[in-house]
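What you see is a predicted model, and the numbers here were worked out from it, not measured in a lab. No hydrogens, no waters, no symmetry mates; every other heavy atom, side chains included, goes into these values. Index from 1, following the sequence.
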Amino acid sequence: MLKVVLIRHGKTLGNLKGSYIGCKTDENLCSLGIEEIRNKQYPKAELVYASPMKRCLETAALIYPKLSVETNIQLRECDFGKFENKNYQELSNVKGYQKWIDSNGTLPFPNGEGMEEFRERCAKGFEECILKAFSKEHKQIAMVVHGGTIMSILSHFAEPKGEYFKWQIGNGEFYLLHIDREAWEQKKEISLVQKG
């Protein structure tokens, strides 16, 4: 049984403003984000996989200062295109924003990534990390990634499949996943998900 601590990075200034902060804005954690991470307890891990974005690497270093971190580019947040680094107020008069909202986020971001493409990319990155963890016979690993990445992973592998917004999670929060190797090899299935 492999346990995976799936952590959303700490808060950034963009998060405080409610902005779409994707893979083109490489923000550091803000002081509140650092404080919140330092004041929370996280399960132990043997190794950390992370998105290569600063906010994830800084979060990983705060939680697991003695562990090595291996990055996976597939785990980056979505490319929000024209919406990048803007909040809903700034986008209220932007052509195409209301159309995107009305689609329940199913339309591709203008000049950005499509949701299906993004979800498949995240699932692929997660799968790569899980296979490496199994090959190294790890028992418990951590992954420090983005909110959209977590929703993509869990909507793809957890049951029932496809429920993307069900898996929303706050900055610094985590899910603890249990993955049985045999079930994973047969069905690519996560056995248990607990929120922490």
Side-chain angles (χ1 to χ4, degrees), residues 6-37 49-60 71-129 143-175 188 190 193 195:
L6 193 56
I7 305 166
R8 183 180 177 194
H9 65 78
K11 284 187 179 84
T12 66
L13 287 176
N15 293 138
L16 294 179
K17 294 176 186 174
S19 300
Y20 291 91
I21 303 298
C23 65
K24 290 183 177 171
T25 306
D26 202 8
E27 285 191 319
N28 295 92
L29 298 180
C30 65
S31 56
L32 175 62
I34 293 168
E35 182 183 344
E36 287 177 345
I37 295 294
Y49 293 101
S51 158
M53 306 300 285
K54 288 177 189 173
R55 53 199 184 265
C56 293
L57 296 175
E58 288 176 7
T59 301
T71 61
N72 185 310
I73 199 165
Q74 308 284 359
L75 300 174
R76 289 173 302 133
E77 183 58 278
C78 190
D79 181 349
F80 294 123
K82 284 186 177 180
F83 302 164
E84 180 75 24
N85 210 9
K86 295 180 175 66
N87 63 28
Y88 72 95
Q89 293 159 323
E90 295 168 308
L91 290 166
S92 61
N93 294 322
V94 172
K95 188 178 177 183
Y97 183 63
Q98 190 57 51
K99 189 175 178 182
W100 180 82
I101 292 289
D102 292 342
S103 80
N104 200 26
T106 57
L107 289 175
F109 291 99
N111 296 340
E113 205 167 6
M115 284 308 291
E116 193 61 36
E117 175 189 359
F118 168 61
R119 290 183 194 187
E120 286 300 318
R121 167 170 65 75
C122 293
K124 182 181 175 190
F126 180 76
E127 207 172 322
E128 288 171 2
C129 295
M143 297 178 78
V144 182
V145 294
H146 309 270
T149 306
I150 290 172
M151 291 189 290
S152 295
I153 289 166
L154 294 179
S155 66
H156 190 90
F157 295 108
E159 294 295 336
K161 293 192 187 324
E163 296 188 20
Y164 182 79
F165 291 106
K166 168 187 175 178
W167 301 107
Q168 282 183 316
I169 190 170
N171 291 100
E173 293 181 347
F174 66 89
Y175 286 108
K188 293 201 170 49
I190 293 170
V193 180
K195 191 172 180 182

Nearest 0.5 Å, please: how far is [atom2] in [Y] from [atom1] in [X]?
X      : Y      : atom1 : atom2 : value
Met151 : Cys122 : CE    : SG    : 10.0 Å
Ser152 : Phe126 : OG    : CZ    : 12.0 Å
His146 : Glu77  : NE2   : CD    : 6.0 Å
Asn87  : Lys17  : CG    : NZ    : 8.5 Å

Problem - Option passing salt bridge (charged side-chain N to carboxylate O under 4.0 Å, His left out) with Glu173 (candidates Arg8, Lys11, Lys195) - result: Lys195

Fill in the blank from the handout: Residues passing the ring pair (Phe, Tyr, Trp, His ring centres under 6.0 Å) test with Phe118, sequence neighbours excluded, are none

Practice task
Tell me yes or no: between the side chains of Thr25 and Glu84, is some donor less than 3.5 Å from an acceptor?
Solution key: yes

Problem - Non-neighbouring partners of Gln74 that pass side-chain contact (heavy atoms from CB on, under 4.5 Å), sequence neighbours left out - result: Asn72, Arg121, Lys124, Glu128

Is it true that, when you exclude [X] itself, more than 12 heavy atoms of the residues, nucleotides or ligands shown sit nearer than 6.0 Å to its [atom1]?
X      : atom1 : value
Leu16  : CG    : yes
Lys99  : NZ    : no
Asp102 : CG    : yes

Practice task
Check whether any side-chain heavy atom of Phe80 lies under 4.5 Å from a side-chain heavy atom of Lys86, and answer yes or no.
Solution key: no

Practice task
Would you indicate whether the side-chain heavy atoms of Ile7 and Val145 approach each other to under 4.5 Å?
Solution key: no

